[in-house]
Structure formats: C-alpha cells, structure tokens
Amino acid sequence: MGVLDYSFYEADPIELAPLLLNKLIVRGERVGRIVEVEAYRGEEDPASHAFRGMTTRNAVMFGPPGRLYVYFTYGMHWCSNVVCGQDGLARAVLLRAVEPLEGIAQMESARISKGGVVRNLRELARGPARLCQAYSIDGDDNGADIVSGDRGIVITDDGVPPPKKPGVSGRVGIKDAADYPWRFFVSGNTYVSSTPANVPRSA
DNA sequence: CTTTGGATCGTCT
DNA sequence: GACGATCCAAAGG
C-alpha cells in the first residue's frame, strides 16, 4: 500500500513491467490504474531508444530508477516511461494505457486543452500519448521522481495485486524486435489498447 | 467495422 | 535529410 519505494524499481524491466499492472498513477486529483505497459532494455534491445548508447534525449534512462523518462515523438506526441534497473543501465517501462478512476474532469480538460479529442471514458488515457495528455505530462516532467513526487507525480499501490497471468504480446509500433514478447496488459480490461492482437499467455 | 494518409519537429545519421 | 515506442479523421467495405 502507498507510494512504492525506490527498491521496487531496481528490477529488470521484464520483471517490473507486469508488476506495475494495477498500480495507480496519481497527479493531484487525477488517479488512474495502469493496465498496459512495455519493457525496453537499453543496449540489449534493438527497439530501445538507448540501443545505440546515451544521448541527450535518452540520458534519463541511464540514470537512477524511480524516475520518469519522457520523450517527444512524431512531431507532436509525448510518451512516458518508468526508469528501472540499476543506476547506469538504460532500462525502462513504457506506460501505454490507464483506466481513469478519479479526476476524470481534469483529465478531460487537460486533453482538450492540448487539442485532443475525448470521445468516451475508454479512450481518455488509452495509448501512451493520450495518457500523457490526460496527466499533463510533457518535457518538463522528464526526470521527475515518482517516489518523492517532486513534480507532483507518484505511483502508488492501493492493494490491488498485479494479475496472476498478465496478457503478453509483442510491442506496439516498433519495427525492430517486434517479436519480443515484452508488452504486458491486464487481460480482458477494456482500457487496454488492442494492437497488436492480444496474445494470451500460457501459449 | 477496417484501412489509409496527414500532421509535425526534435533527434540522430 | 530521414524518420519515429502515435493519434485522428476521412474514406472504403
């Protein structure tokens, strides 16, 4: 229960990613449950921004765990990752979808004020860029400490455990290493994005 | 319902 | 100079 400790984030992203499922992201009034994530493993992962070493853009990924790595892409979108693994290793978990629980009005106005479109609750924070819009996460939040909450963002545990058998599939929107089964989601949850086809575990 | 193409710019080659 | 860890609207079945 409560805010997660730094030690929680020291794990390898493949271990940590499924453990982040069902945790809460909190920023002020805004509270949502994480239902979909992806693991990225730095120099060992052709799809990772850090595959070819450190740059100014990805530097936060190499730093201490328990921070946010926020990046800009497609000329208009922000996406956010939880930095994990030990200090010096470029490891991170991309936050891909959240089930809105509280502060829904604030999430909606945050999206709309940034030119977003809110069709329904399901699409409010479904997808990494929409999630950032809903939480007003942008470049200013790159490097934010999600344990101390120095920028007002924390990840907490409300007692709901991660799924015993999370859904697993390839990661979305990448070309390299598309077959790595490093996307994890809460099976059956409607707030999970659907691409690629949800592949049940056990298989 | 699915498919397709446009928007838009910081970062790396 | 090319291209994204994406989203959205419009067009087609």
> Determine yes or no for a side-chain-to-main-chain donor-acceptor pair under 3.5 angstrom, with A:Asp45 supplying the side chain and A:Gly42 the backbone.
no
> Checking contacts here: which listed nucleotide (C:dC7, C:dC8, B:dG10) is nearest the side-chain heavy atoms of A:Phe72?
B:dG10
> Determine: side-chain N/O of A:Arg52 to OP1/OP2 of B:dT11, distance under 4.0 Å, yes or no.
no
> Can you see if the side chain of A:Arg96 gets near the phosphate of C:dT6 - specifically, an N or O under 4.0 Å from OP1 or OP2?
yes
> Counting heavy atoms from C-beta on, name the nucleotide in C:dC8, C:dA5, C:dC7 closest to the side chain of A:Arg111.
C:dC8
> Side-chain N or O of A:His49 less than 4.0 angstrom from OP1 or OP2 on C:dA5?
yes
> May I have the distance from A:Lys114 (atom NZ) to C:dC8 (atom P), rounded to whole angstrom?
13 Å
> What class does the angle between the rings of A:Tyr71 and A:His49 fall in, given that below 30° is parallel, 30 to 60° is tilted and above 60° is perpendicular?
perpendicular
> Sub-3.5 Å donor-acceptor pair from the side chain of A:Tyr135 to the main-chain atoms of A:Gly32, do we have one?
yes
> P atom, B:dT3 versus C:dA5: distance in rounded Å?
22 Å
> Classify the side chain of A:Tyr74 and the base of B:dA7 as holding, or not holding, a donor-acceptor pair under 3.5 Å.
no
> Nearest of C:dA5, B:dA7, C:dG4 to any side-chain atom of A:Asn81?
C:dA5
> From C-beta outward on A:Arg57, which listed nucleotide comes closest to its side chain: C:dA9, B:dG10, B:dT11?
B:dT11
> How many Å lie between CG on A:Asp176 and P on B:dC12, as a whole number?
16 Å
> Would A:Tyr40 count as stacked on C:dA5 if the rule is ring centres under 5.5 Å and plane angle under 30°?
yes
> So, the side chain of A:Arg151 versus the backbone of A:Asn142: is there a donor-acceptor pair under 3.5 Å, distance only?
yes
> Can you figure out which of C:dC7, B:dT11, C:dA5 approaches the side chain of A:Ser48 most closely?
C:dA5
> 5'-most contact on DNA chain C: A:Ile174 or A:Gln133, nearest heavy atom basis?
A:Ile174
> Pick base, sugar-phosphate or nothing for A:Leu94, based on heavy-atom distances below 4.0 Å to the nucleic acid.
base
> Regarding A:Ala129, tell me which of base, sugar-phosphate or nothing describes its non-hydrogen contacts under 4.0 Å with the strands shown.
sugar-phosphate
> Give a yes-or-no answer on whether the side chains of A:Ser193 and A:Arg126 include a donor-acceptor pair shorter than 3.5 Å.
no
